[in-house]
Amino acid sequence: MNLFRTALLLAKKDLYSELKTKQIMVTQIIFAGLVIVVFSFAFDPANNTTKTVIPGVIWVIIVFAGILGLNRSFISEQRNDTMQGLLAAPMEAASIYLGKFLANFAMMLIVELVSIPFLFLLFDFKFFGSTPYFILVIFLGSFGFIAIGTFLAALAANSKSSEMLLPLLLFPITTPILIGVVQATRIILTNMDKFSSAVAWIQLVTAYDVIFFVVCFLLIDYVLEV
């Protein structure tokens, strides 16, 4: 119980700090907006075939906006030896990981809440799929990506080239998640006749999320001690 209480306190600390500075979230939202505008010029929104690229655009936004936040989540703690203070405090290292994960996940959900409706609006996309399943896919994909990304951000934080190292580590490991959620999103948004295939992708992503979240949770002690 103390582990989760401490994690919530750390997440609140990070979110409160972000609300004061508005550095990471504003950058993520601006990036998402730029991606949407660029794609709207590259693909004619009036063309029906353009609708097939929307699932890919959604996950391009989530992935690259997510990396902007993940890169700063642990690097910010290196300043003034804040991380050393957290490690010296009477708390489990897993609490630090869980707190960072919750803060990163919350910020990612806010970015998605702003950017995805804007994308649909700009592309004049008529949503005929299942809204609950679409939200579930976005949630599961974001969960797995942020869970693995937070762990790898902690691993890369001590490197001088952490901003380059994190994407190099993150993309290969999260590829199965990204393939699964893009395929599931495409089916849910454009072809509900193949819904059974979308369910299979959702199950795959869920299993991957659970396995890697547990692995990251167990190994974070060794990563933070390095």
Side-chain angles (χ1 to χ4, degrees), residues 14-15 18-19 21-73 101 103-150 152-153 163-164 166-168 170-171 174-192 194 198 201-202 205 209:
D14 281 0
L15 291 172
E18 176 57 27
L19 286 174
T21 61
K22 297 181 178 64
Q23 291 181 347
I24 299 174
M25 199 178 301
V26 170
T27 304
Q28 290 175 309
I29 292 173
I30 290 173
F31 174 84
L34 286 173
V35 170
I36 294 168
V37 170
V38 168
F39 273 97
S40 70
F41 280 105
F43 301 97
D44 182 9
N47 190 336
N48 287 330
T49 59
T50 299
K51 311 304 181 187
T52 59
V53 307
I54 287 181
V57 176
I58 289 172
W59 287 102
V60 166
I61 293 168
I62 292 173
V63 167
F64 288 98
I67 287 177
L68 291 175
L70 291 169
N71 262 323
R72 296 194 178 194
S73 61
F101 163 75
N104 289 331
F105 190 49
M107 286 190 283
M108 192 71 255
L109 291 179
I110 293 170
V111 172
E112 291 165 0
L113 195 62
V114 173
S115 60
I116 294 176
F118 178 58
L119 172 67
F120 286 165
L121 180 65
L122 200 60
F123 276 81
D124 191 26
F125 184 81
K126 302 295 189 298
F127 189 87
F128 297 111
S130 172
T131 302
Y133 277 102
F134 175 71
I135 293 172
L136 176 64
V137 170
I138 296 296
F139 180 88
L140 290 174
S142 303
F143 182 96
F145 185 79
I146 297 298
I148 297 171
T150 302
L152 294 178
E163 293 185 357
M164 294 177 59
L166 178 59
L168 292 175
L170 184 58
F171 286 135
T174 56
T175 295
I177 292 177
L178 297 178
I179 292 173
V181 292
V182 169
Q183 291 294 334
T185 305
R186 178 182 59 81
I187 293 169
I188 290 169
L189 292 183
T190 63
N191 190 6
M192 284 297 286
K194 296 183 178 179
W201 284 113
I202 290 171
V205 171
D209 285 0

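Note that this is a predicted model, so its numbers are computed, not measured. Side-chain atoms are counted along with the backbone in the values below, which use heavy atoms only and exclude waters and symmetry mates.
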Please find the pair of heavy atoms, one from [X] and one from [Y], that lie closest to each other, and give the distance.
X	Y	answer
P167	I67	CG-CG2, 4.4 Å
L166	G149	CD1-O, 4.0 Å
S115	A32	CB-CB, 3.8 Å

Does [X] have any side chain to side chain contact (heavy atoms under 4.5 Å, CB included) partners at least two apart in sequence or in another chain, and if so, which?
X	value
V38	none
A65	Q28, F31, M108, V111
L168	none
V114	I29

How long is the straight-line distance from [atom2] of [Y] back to [atom1] of [X], given to the nearest 0.5 Å?
X	Y	atom1	atom2	value
I24	N104	CD1	CG	7.5 Å
R186	K194	CZ	NZ	6.5 Å
D14	L19	CG	CG	11.0 Å
F39	I58	CZ	CD1	11.5 Å
I148	L70	CD1	CG	11.0 Å
I61	I36	CD1	CD1	4.0 Å

Beyond-backbone contact of W201 with V182, side-chain heavy atoms, under 4.5 angstrom: no
Test ring pair (Phe, Tyr, Trp, His ring centres under 6.0 Å) applied to F145 - qualifying residues, sequence neighbours left out: none
How would you list, by chain and number, every residue that makes a ring pair (Phe, Tyr, Trp, His ring centres under 6.0 Å) with F171, sequence neighbours excluded? F64
If the condition is side chain to side chain donor-acceptor pair (under 3.5 Å), which residues does [X] pass it with, not counting sequence neighbours?
X	value
E18	none
W59	T185
T174	none

Going by atom type alone, with no hydrogens or angles, which donor-acceptor pairs under 3.5 Å involve a side-chain atom of residues 133-142 and a protein atom two or more places apart or on another chain?
residue: S142; atom: OG; partner: E112; partner atom: OE1; Å: 3.4
residue: S142; atom: OG; partner: E112; partner atom: OE2; Å: 2.4
residue: S142; atom: OG; partner: I138; partner atom: O; Å: 2.7

Exactly one candidate in L15, L68, I146 meets side chain to side chain contact (heavy atoms under 4.5 Å, CB included) with M107; the answer is L15
